Amino acid sequence: MTAVDDLSRHLTLLHARAGAPSRREMAQRTGYGKSTISDAFAGQRLPTWPVVQALVAALGGDEEEARELWATAKGGPHQAQQIPDWLTSVRTEIPRLVTGLSFTDACAAAVTDPKKALDSSWEVLRLTGGQVSHALYDAIPGHWSSDIVATFRRAEEDGHLPAGAVAVADAVHRHYVLSQFPSNGVPAAADVLQIVALAYRLAWQATDVVLAADRSQDSAPPQNR
C-alpha cells in the first residue's frame, strides 16, 4: 500500500459512509467531471488538493485529516508554498485571445451576467488548452472538459507551464461545471470575478507557450520541421 492508496481508501470509505452517491451526483456536488472523480477514487495517481478538498466537503469528511493524507502522498507535510509570479505580477502586454469575451467585458459580465462570464472563462481555457496540446504534443484533446484540464496538467508536469496552472484550470473547470446546474443557484459576482481573473491569466500564459512553440518551429532547420 502506498500513500496514494491510503488516500484513495480514505475517500472510498467517506463515499460509503455518505451513502455511496453516484458519480453524477458527486459531479453536481463538487463541480468536477465524472472521470476526474473516478480517478481520485481509483488511486492510480495523486489528485490535486482542490479535487480532494471538494470530494471531502461533498462527503462530509474531515478536511484536515484528508489534507494530511494528501500531503503525505505528495511527499511531505503541508507547508505554505511560494505563490508563483505569474499569479501575482501585473501584465502590461496582454496577448489577444480569439474566443470568448475580452477580459474587461468578462469582468463586467461577472456583475451583470455571471453565467456568461463563467462560460467565457471556460471557453478561453478550452481554446488555449487545445492550442497548447496541438503546439506541444501535436494532438487534439478529447471532447470531455476534463481532457482540457488534463492537457494543462501534462504541460505543467513537463515544465511548459508554471506551477499552479493545473490548480487554476481545476478551479475554473469546477465553477464552470457547477454553473451548468440551475439547482446550484447563481454564483456571487465577487466569486465569478475571481474566477475570470484566474482563467484569463492562465489563458495568457498558455498563449505565451503556444507563441513560443510557434517561434521555435519557425526557426528550426527545414529537415526538423
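This structure is a prediction, so every number in the text was calculated from the model and none was measured. One-based numbering along the sequence shown.
- Counting heavy atoms of neighbouring residues, nucleotides and ligands inside a 6.0 Å radius, atom NE2 of His134 does not exceed 12 of them.
- Going from atom CH2 of Trp204 over to atom CZ of Phe103 covers 4.5 Å, rounded to the nearest 0.5 Å.
- The nearest pair of heavy atoms linking Lys34 to Ala27 is CG-CB, 4.2 Å.
- Side-chain contact check for Lys74 versus Leu46: some heavy-atom pair is nearer than 4.5 Å.
- Using a 4.5 Å cut-off on side-chain heavy atoms (C-beta onward), Pro21 and Leu59 make contact.
- Clustering ILVMFWY residues whenever any of their side-chain heavy atoms sit less than 4.5 angstrom apart, transitively, puts Leu193 in a cluster other than the one holding Val172.
- Note that the CG atom of Leu7 and the CD atom of Glu68 stand 12.0 Å from one another [nearest 0.5 Å].
- The shortest side-chain heavy-atom distance between Trp70 and Leu11 does not fall under the 4.5 Å cut-off.
- Dense packing is recorded around CD1 of Ile94, with more than 12 heavy atoms of other residues, nucleotides or ligands lying under 6.0 Å away.
- With no hydrogens or angles considered, a side-chain donor-acceptor pair links Ser120 and Tyr200 at under 3.5 Å.
- Residues Leu198 and Ser121 form no side-chain contact, since every pair of their non-hydrogen atoms from C-beta on lies 4.5 Å or further apart.
- Rounded to the nearest 0.5 angstrom, Arg174 CZ and Ser179 OG are separated by 12.5 Å.
- Hydrophobic clustering, with ILVMFWY side chains joined whenever heavy atoms are under 4.5 angstrom apart, keeps Leu127 apart from Leu118.
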**Request:** Apply the test side-chain contact (heavy atoms from CB on, under 4.5 Å) to residues Val132 and Val210: give CA-CA distance (whole Å), side-chain angles for both, the deciding distance (0.1 Å), then the verdict.
**Result:** CA-CA 6 Å; Val132 166; Val210 172; 3.9 Å; yes
**Item:** Derivation of the side-chain contact (heavy atoms from CB on, under 4.5 Å) call for Asp62 and Val56
**Value:** CA-CA 7 Å; Asp62 182 271; Val56 170; 5.8 Å; no
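- Interatomic distance, His160 NE2 to Gln205 CD, rounded to the nearest 0.5 Å: 14.0 Å.
- Here side-chain hydrogen bond (donor to acceptor under 3.5 Å, both in side chains) pairs that include residues 42-57, with residues two or more places apart or in two chains, are Thr48-Asp170, Gln53-Glu63.
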**Asked** Given Lys115 and Asp119, is the salt bridge (charged side-chain N to carboxylate O under 4.0 Å, His left out) satisfied, shown in steps?
**Response** CA-CA 6 Å; Lys115 187 176 185 305; Asp119 287 347; 3.1 Å; yes
**Request:** Starting from the C-alpha separation in whole Å, work towards a yes-or-no answer on side chain to side chain donor-acceptor pair (under 3.5 Å) for Arg126 and Ser145.
**Result:** CA-CA 8 Å; Arg126 186 193 66 78; Ser145 57; over 6 Å; no
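- In this structure, Thr128 and Leu97 have side chains that are in contact, with non-hydrogen atoms separated by less than 4.5 Å.
- Of all non-hydrogen atoms in Asp158 and Tyr137, the two that sit nearest each other are OD2-OH, 2.7 Å.
- At least one donor-acceptor pair closer than 3.5 Å links the side chain of Thr207 to the backbone N or O of Ala203.
- Counting heavy atoms from C-beta outward, Asp6 and Thr72 have side chains that stay 4.5 Å or more apart.
- Rounded to the nearest 0.5 Å, atoms CD (Glu93) and CG (Asp208) are 10.0 Å apart.
- Classification of the Trp122-His173 ring pair by plane angle, with boundaries at 30° and 60°, yields tilted.
- Considering every non-hydrogen atom in both Val186 and Pro114, the closest pair reads CG1-CG, 3.9 Å.
- One side chain, Ser35 or Ser146, offers a donor N or O that lies under 3.5 Å from an acceptor on the other.
- By the 6.0 Å contact criterion, CZ on Arg17 is open, its count of non-hydrogen atoms from other residues, nucleotides or ligands being 12 or less.
- Minimum heavy-atom separation, Ala206 to Phe152: CB-CE2, 4.0 Å.
- By the 4.0 Å N-to-carboxylate-O rule, Arg154 lies too far from Asp147 to be salt-bridged with it.
- For the atom pair CD1 of Ile148 and CG of Leu125, the computed distance is 9.0 Å after rounding to the nearest 0.5 Å.
- Criterion: ILVMFWY side-chain heavy atoms under 4.5 Å apart, direct or through other members. Under it, Phe181 and Ile195 are part of a common hydrophobic cluster.
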**Trace of the side-chain contact (heavy atoms from CB on, under 4.5 Å) decision for Arg9 with Leu69** = CA-CA 11 Å; Arg9 185 171 60 178; Leu69 288 169; over 6 Å; no
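- Side-chain contact between Leu178 and Arg29 is absent, with no heavy atoms from C-beta onward closer than 4.5 Å.
- Across all their heavy atoms, Gln28 and Asn184 have their closest contact at O-ND2, 3.8 Å.
- No side-chain donor-acceptor contact under 3.5 Å links Ser8 and Asp5.
- Of all the heavy atoms in Glu156 and Gly164, the pair that sits closest is OE2-N, 3.4 Å.
- Between Thr36 and Pro47 the shortest side-chain heavy-atom distance does not fall below 4.5 Å.
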